[in-house]
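Quick caveat: nothing in here was measured; it's all calculated off a predicted structure. Heavy-atom basis, side chains included; hydrogens, waters and symmetry copies ignored.
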Amino acid sequence: MAAQETSQSAIFRHAFGNVLSFTVLLLIGVMAFSIRLFSVIKYESVIHEFDPYFNYRVTQFLTKSGVYDFWNWFDDRTWYPLGRVIGGTVYPGLTLTAGTLWRILNSINIPLSVETVCVFTAPVFSAFASWATYLLTKEIKGAGAGLTAAALLAMVPSYISRSVAGSYDNEAVAIFALIFTFYLYIKTLNTGSLFYATLNAIAYFYMVCSWGGYTFIINLIPMHVLLCIVTGRYSPRLYIAYAPLVVLGTLLAALVPVVGFNAVMTSEHFASFLVFIIIHVVALVYYIKGILTPQMFKVAVTLVVSVGMVLCFAVLAVLIALVASSPTKGWSGRSLSLLDPTYASKYIPIIASVSEHQPPTWPSYFMDINVLAFLVPAGIIACFLPLSDASSFAVLYIVTSVYFSGVMVRLMLVLAPAACIMSGIALSEAFDVFTRSIKFHLVGTTQNPQENAGDATKVTQNDVKSEKSEDTVKERSSRKSKKKDKENIEKPSLVSRVEKRLLVLPLETSVMAVFLVVLLGAFYVVHCVWAAAEAYSAPSIVLTSRSHDGLHVFDDFREAYAWLSHNTEVDDKVASWWDYGYQTTAMANRTVIVDNNTWNNTHIATVGTALSSPEKAAWDIFNSLDVKYVLVVFGGLVGYPSDDINKFLWMVRIGGGVFPHIKEPDYLRDGQYRIDSQATPTMLNCLMYKLSYYRFVETDGRGYDKVRNTEIGKKHFKLNHFEEVFTTHHWMVRIYKLKSPRNRIRGKTKRSKSKSGTSKRSTRKKNPWQ
Amino acid sequence: MKRLHPDLSLLFLFGFFTLFSNVCSDLVISKLDRQIDLSSQIVRFTTSLKLENNGAEAVSKVLLPYPENQGKNLAFLSVTVTEGKGKTKTSSDRLHVDVVHPEGMPPSLTWYAVSLPKELSKGGSLTLEVKAVFTHLLTLFPEKITQAEAQLVAFQDSAHYLSPYAVKIQSLTVKLPEPKVESYTKLENTKFSGSEIKYGPYENIPPFSLPTIIVHFVSNKPFSVAQELVREIEVSHWGNVQVTENYNLIHAGAELKGVFSRLDYQERPHVRGASALSSLVARLPARAHSIYYRDDIGNISTSNVYSDSAKTLLEIEPRYPMFGGWRTAFTIGYGLPLQDFLFKSQGKRFLDITFGCPMNDIVIENLFVKVVLPEGSKDISVVAPFPTKETRETKLSHLDIAGRPVIVLEKKNVVPEHNKKFQVYYRFSSFSLLREPLMLVFGFFLFFVACIVYVHADFTISKSSPSYIAKLQWDEVQTAVQQFQNIMNCVLVIHDKLDASLRDLSRTGDVQACKAARKNADAFLKELTKELKPLSAFLQSSPQALQIVPKVDELVIKEKELQEKLMLKHSMVVDSYEKKSGGRDIDNRVTAVQQKITLLRQEVDDLLEVIDEI
């Protein structure tokens, strides 16, 4: 019958909606993957930057030696002579993920290399992340908002910057883990299902494996729970969402070697335990409230509160005493610098020296989240209409992440998903309102003339009525079909009812608004594609410059690393500033003194001291470290700005922090850092200066540094203790060899005649390694 | 300090051989012309010898001896018969050459026996052309040089041809890469002109007479030696032959001593870095495509491709200029159209492709050629123009089950002369081509079937478990709530109709129609209330519906109230129409009720929404 047909069409529409959203999600996944391939297309399939090289090396080890060797891996090719326990100091999530991926692919005979898998891990996981965003936003505000948020996240520049193909870093998988954990938390909160609670703990475990940023989850969720309790939104669902997460999550987190007992010992986790206690107290209160009569309950409350307060204060006092007894108040340096943005620059220069730990500038917000920045407030408002548990979580998430992103550029990454969710909600609500008003008007215009013409409404109503009466007459016996029939009637009535309650906008306004919103979205897309293609795709180990005679490639880093790996002994030690440590171990396979894992400040300070000392003192330090080659990065010939001379003050600062005979003012002329003829003698005689500018004057006759835009101060000098063994094509990497000690003796006798002998001997005493 | 000195063993041999001088005296070499090409690290001997048989017996084999240092470095040897002179010179196919160990000859010589195409009868004569290619024959002297120095090498051989046969007239030409010579041995009849040194002609030299010559000269050509080269040739019947070549290269020339200064190298690359290896040219087949050049750490950007219809030239530069003793490793790869290299003959397919490396002037110490045939190839056989060591492997690649058969050909000391084609014959049915796509199709089909089954089947483990029962109950509750909502919506629709009838009344004043509508509505409402009863009873009884029941009850109550008010309003309006009272009067009377109605309606709507959310 007609009724059955309509119900079937409803089913079809439902199915069509499902298939449509599935297709849209699939396309979003494809887009998230492919927008990140600009780096592969424009450059090549290669690992980017610094940290990814370390992760790549760990993955290589993992695939070669297996997971048990990986846990026990003591790496003797870095931090010479200390070494580093990789298995216990690395977040293994990323490497295990890529390693497993590689193993699965190889077991089904898809012979991809480890490098390829590593390069494409990030794009694949950003597709996952956008799907997770869909799920999370769907839980908060419905499928429409979910799809919009997923599409926004798939191309948000902030996330692209960390997950282009080749950017094989923890954040690539961690953002997925973060969003997915939040999704499961909200899902548990909405359903109260223990199944999801368990999944949530597992997702949290994956997040702990992947990134140090897991502390964000373990602080944000307790905050939300507390918020719910305070605003009187406590429910058993909240309990189920929270309690298992803390218990299981903490146990699982403690399994990760790098976290271990930190999961219960450090202050980052205290909030979760505190809220864990509070939620139990609240649960107890609610339980007792259910048992007792209101009067009895009041008596009990006064009694318990007075006793409980005393106990609480006692416990709190003990806790505070415990925490305060540790120098950093139980917080790690990075977390502290989050709470107090000036902390790092005051006490830990090594954290402050990393550019991504600086606070962001306003343009970087526009660059990284673009129009989302304007949509977020609208999304927050939408979250309050009406406020549910889930939407309050979203609001809390955006508020905290805005704060954190304001402290560190790097944490812009945490803000991005929140901004996408909010903007997704805002856009979807806006579209909802506008399209509904348009639809209302269109339907209205088709109906109005009918009404004017005659009793159209009556006619239709009569139709319905007559139809219905017919049906009731004919099919009174069949109850089922009648129900369907009523569904049939219910549909238009429902629509009319909803429409009545709508705030309907004028047609022209809504059409314009839809157009403008689409324009806004288009602008966002254009910006994202531009950012992905131009701003965030450079692998930083290969540089290109476009000049009038075509594209010019600067592949000096790999040239130097390839030279080191093929033309030096396997066990030679290479000293360089720590930025190049990971790349040297991964690409050149040579032992380095310090690397990007800045776990030992003293060691880095030693290298910094050596590079800022005069040649002889530096030779002594390097020789005592068994160093055979010294690698410096020099951009003066081609104008590569992030070279060692520009980083040199950090070397001085970090070196001087441990070895006080290195003083920063010695390298500055009137507080200004310069390398021209006005530079201080200390500066002009330090090793870094000499190694960078050795024979540089002979290139153009006057030694013009294109980065600093000056002529260098000291032009003609000889190296007594080092010899140049390799310089790359554009002079960007220069490798020197320490002359053997035999030469040193000869040099000494020579120099004893010269004047500088005494001063050098005095600096020698300060060599920390003697 | 090491000095250049003649190889004593040669001189010793000279005396030793005179004892055997009459062994092979049947044959006489009437004219011999020797050319030694020293222009690169690969030393090429071209010898043309005119043989005459002065003995009684016909001769079918000619012996070619090489001294020890040459014998072990001999990479390639080809002997052809030439006829005619000058332009009419024609050469036959390569003759068969065997390693032999003639009795009574000293073991330090390596002997090759050339089988003549037809026996050389008494008095007959024949011209042979022998091409021999040697590697590692040049001695570096000095072994280490600085960046600014030229690379010097020494070459040593005898001025006379080492032969078991008597030679009537012979001459020797040594060709050098550059006209720069440090020193060379001067014998009688020695001429040095340009970049050539000529010895001879010498006449009537007895067998095994060997005066040593040493040439010490400048050779700035880089000595690029691939210590290992693995060429993988993968045949895909979808139309592509993929070649991947992994090089492990060393500059085997004089080692760089001391510093490498980029400044000096960039200013005068031909002086400071004369012997450095800065680029290599690979001559790839025409229509080579998808060419790449990379190493372990990624693409190497310093390469160029020039192509025309006959060939594709790939010019590659290592990441850094290679000085003596420096090493590098890289991979080049390219695809070739299948139809150019795969042919059919007698029901078998055969791959016809070059064996050696496409680059000139490279010596390959160990060459592995791996031919990967498609999965399912059978009856594999290899035809190579020279002896190779053959082994078999299998390789698992995309969508393979059993693995692809791999033929590994191994050869040491490979020079450009080995760039000959070789053939791999195998059987492969075209149907096997479809196996992998079909596998994929089937796999996806199974996946979709699994999806369908998953969606439609009930996978509950225990039908009696509390959670399952709870879920069933919850479903029931949901359907009940759904029905409840439907009924409520119907009721609301009826309310709307009643309202509409009142509006009609105000317009037309037709009281009877309005009353009929009222009656009709009453009947429906009664019926609906009847239907509502079992539902609310069910909801009340169901444990799963605990949360909903209060809302439902509240809704029912509100609705009843609303209904009452509406009826009240309706009857009021109808009454007043019947009494023919004025419109304003009616409005006044109804307003209070109307307000209540809107309020109630609002609440009912809200409740419905709340229930809807549950």
ask   = With only heavy atoms counted, which part of A/Glu724 is less than 4.5 Å from chain B, the side chain, the backbone, both or neither?
value = both

Chain B interface, residue from A/Thr728, A/Ile108, A/Ile110 that has the most non-hydrogen pairs under 4.5 Å = A/Thr728

Of A/Ile47, A/Leu112, A/Val114, the residue whose pairing with A/Val119 passes side chain to side chain contact (heavy atoms under 4.5 Å, CB included) = A/Ile47

ask   = Looking at A/Arg734, A/Glu115, A/Arg558, A/Lys737, which one has more heavy-atom pairs under 4.5 Å with chain B than the rest?
value = A/Arg558

key: When B/Asp295, B/Asp264, B/Ile401 are compared by non-hydrogen pairs under 4.5 Å with chain A, the top option   = B/Asp264

query = Below 6.0 angstrom between ring centroids: does that apply to A/Phe726 and B/Phe260?
reply = yes

Ring center gap for A/Tyr168 and A/Tyr56 short of 6.0 angstrom = no

task = Please say whether more than 12 non-hydrogen atoms of neighbouring residues, nucleotides or ligands are located less than 6.0 Å from OH in A/Tyr196.
result = no

ask   = Which answer fits A/Val725, side chain, backbone, both or neither, if we ask what part of it has an atom under 4.5 Å from a heavy atom of chain B?
value = backbone

query = Which residues pass the side-chain contact (heavy atoms from CB on, under 4.5 Å) test with A/Lys715, sequence neighbours left out?
reply = A/Val697, A/Arg702, A/Glu711, A/Ile712

message = More than 12 heavy atoms of other residues, nucleotides or ligands under 6.0 Å from NZ of A/Lys42: yes or no?
response = yes

message = Shorter than 4.5 Å, heavy atoms on both sides: which option in B/Met488, B/Arg262, B/Arg327 has the most such pairs with chain A?
response = B/Arg262

key: Part of B/Asp296 lying under 4.5 Å from any heavy atom of chain A   = backbone

request  = Against chain A, label B/Leu399 side chain, backbone, both or neither, depending on which of its atoms sit under 4.5 Å from a heavy atom there.
outcome  = backbone

remark   = Given B/Leu256, B/Leu396, B/Leu263, B/Ile250, the one with more heavy-atom pairs under 4.5 angstrom with chain A than any other is B/Leu263

message = Here's a test for you: under side-chain hydrogen bond (donor to acceptor under 3.5 Å, both in side chains), which of B/Lys395, B/Gln242, B/Lys370 qualifies with B/Glu234?
response = B/Lys395

